[in-house]
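Computed from a predicted model, the values in this text were never measured in an experiment. All values below come from the heavy atoms of this structure, side chains included, with hydrogens, waters and symmetry mates left out.
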Amino acid sequence: MKTILLDMDSVICDLMTEWHKRYNEDYHDNLSVDKLKCWNSENYVKKECGTKIYDYLDEPGLFLNLKPLDHAIPVIERLHQKFQIFICTSSRTYAYTEKEKWVEKHLPFIGKEHIIFAHKKEMIRGDLLFDDAPHHLKAFTKTNRIAVAMDYPYNRSIDVERVHNWIEFEQFVLKKWGHEHESR
């Protein structure tokens with residue numbers, strides 16, 4: 001059975017909207033994901049904020065209340081019937097516990113036992129990684145496995161398969177492996 005590794009932030013759930021909303025309110029700015037042409041968010045915020053943009057990621061409650069991206073939950077549920085699914089995410093401070101609670105709430109059929117916290121995702125055994133972070137996508141492809149990018153301006157420099165939403169991701173996976181697996 002093929003194993004699919006799914007990132008959480010900006011792949012399963014919408015981190016950028018809430019993160020940028022908090023920054024925009026505090027700094028009276030209009031940052032949005034469409035403006036991020038590279039991974040380093042500090043390059044796109046007001047000078048007085050700089051690397052403090054990452055402090056928002058340490059605020060209790062941020063990760064717990066993120067909304068799932070459109071179609072993420074039903075697609076994961078369908079794919080879970082044919083493939084081994086693990087949530088493979090990196091994290092900061094409070095986010096470990098909050099991400100576990102988020103998965104228990106939104107993905108109870110996966111469960112927190114299937115979360116792998118890792119900053120070096122290429123070290124995790126899996127056949128495919130669905131992620132948005134350029135460094136994870138690049139490192140995973142170097143292992144001769146499949147990396148699929150949730151398409152954002154900040155990851156377009158990485159030459160991998162890319163999708164714009166969960167429906168496209170499901171179609172890609174089923175086209176690639178759908179005929180190999182029967183439902184569990």
Q: Examine the side chains of Asn43 and Lys37 and answer whether a donor and an acceptor come within less than 3.5 Å of each other.
A: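 The criterion, which ignores hydrogens and geometry beyond distance, is not satisfied for Lys37 and Asn43.
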Going from [atom1] on [X] to [atom2] on [Y], what distance comes out if it is rounded to the nearest 0.5 angstrom?
X      : Y      : atom1 : atom2 : result
Lys175 : Glu170 : NZ    : CD    : 14.5 Å
Asp14  : Met8   : CG    : CE    : 12.0 Å
Asp151 : Asp132 : CG    : CG    : 10.5 Å
Lys21  : Leu62  : NZ    : CG    : 10.5 Å
Ile53  : Asn40  : CD1   : CG    : 12.5 Å
Asn65  : Lys105 : CG    : NZ    : 7.0 Å

Q) Is there side-chain contact between Ile116 and Ile124, with heavy atoms separated by less than 4.5 Å? A)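 Yes; the side chains approach each other to less than 4.5 Å.
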Q) Does some side-chain heavy atom of Phe86 sit less than 4.5 Å from a side-chain heavy atom of Ile115? A)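 No, side chains not in contact.
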Q | Residue pair Val148, Leu128: steps toward the side-chain contact (heavy atoms from CB on, under 4.5 Å) verdict | A | CA-CA 7 Å; Val148 177; Leu128 181 150; 4.0 Å; yes
N/O donor-acceptor pair under 3.5 Å between [X] side chain and [Y] backbone:
X      : Y      : value
Lys112 : Pro108 : no
His106 : Trp102 : no
Tyr152 : Leu36  : no
Thr143 : Phe140 : yes
Asn24  : Leu31  : yes
Arg145 : Leu129 : no
Asp127 : Thr3   : yes
His80  : Ile76  : no
Tyr44  : Cys38  : yes
Glu98  : Leu64  : yes

If you group Ile, Leu, Val, Met, Phe, Trp and Tyr by side-chain heavy-atom gaps below 4.5 Å, do [X] and [Y] land in one group?
X      : Y      : answer
Ile73  : Val173 : yes
Phe117 : Met123 : no
Val75  : Ile85  : yes
Leu69  : Leu79  : yes
Tyr96  : Trp19  : yes

Q.
Please check if the number of heavy atoms outside Lys46 that lie under 6.0 Å from its NZ is greater than 12.
A.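 It does: Lys46 NZ has more than 12 such atoms within range.
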Heavy atoms only: give me the nearest [X]-[Y] pair and the separation to one decimal.
X      : Y      : answer
Met1   : Gln84  : SD-N, 3.4 Å
Met150 : Val11  : CE-O, 3.8 Å
Met16  : Ser10  : CG-OG, 3.4 Å
Tyr54  : Ser41  : OH-N, 3.0 Å
Ser90  : His119 : CB-ND1, 3.4 Å

Q | Trp39 and Tyr154 aromatic centres sub-6.0 Å | A |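 Judged by ring-centre distance (under 6.0 Å), Trp39 and Tyr154 do meet the cut-off.
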May I ask you to decide if the ring planes of [X] and [Y] are parallel, tilted or perpendicular, using 30° and 60° as cut-offs?
X      : Y      : value
Trp166 : Phe130 : perpendicular
Tyr56  : Tyr27  : perpendicular
Trp177 : Phe83  : tilted

Q. What do the steps show when you test Ile158 against Thr141 for side-chain contact (heavy atoms from CB on, under 4.5 Å), and what is the final call?
A. CA-CA 10 Å; Ile158 306 302; Thr141 58; 5.7 Å; no
Q) Going through the distances and angles, do Ile167 and Phe169 end up as a side-chain contact (heavy atoms from CB on, under 4.5 Å)? A) CA-CA 5 Å; Ile167 300 299; Phe169 177 70; over 6 Å; no
(Q) With salt bridge (charged side-chain N to carboxylate O under 4.0 Å, His left out) as the criterion, how do Glu122 and Lys142 come out once you've worked through the C-alpha distance, each side chain's angles and the decisive distance to 0.1 Å? (A) CA-CA 8 Å; Glu122 72 276 10; Lys142 287 183 179 180; over 6 Å; no
Q: Kindly determine whether Ser91 and Lys99 satisfy side-chain contact (heavy atoms from CB on, under 4.5 Å), including the steps that lead there.
A: CA-CA 9 Å; Ser91 207; Lys99 286 183 177 192; 3.9 Å; yes
**Q.** Single hit among Arg162, Lys138, His136 for side-chain hydrogen bond (donor to acceptor under 3.5 Å, both in side chains) with Asn155
**A.**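 The single option meeting the side-chain hydrogen bond (donor to acceptor under 3.5 Å, both in side chains) with Asn155 is Arg162.
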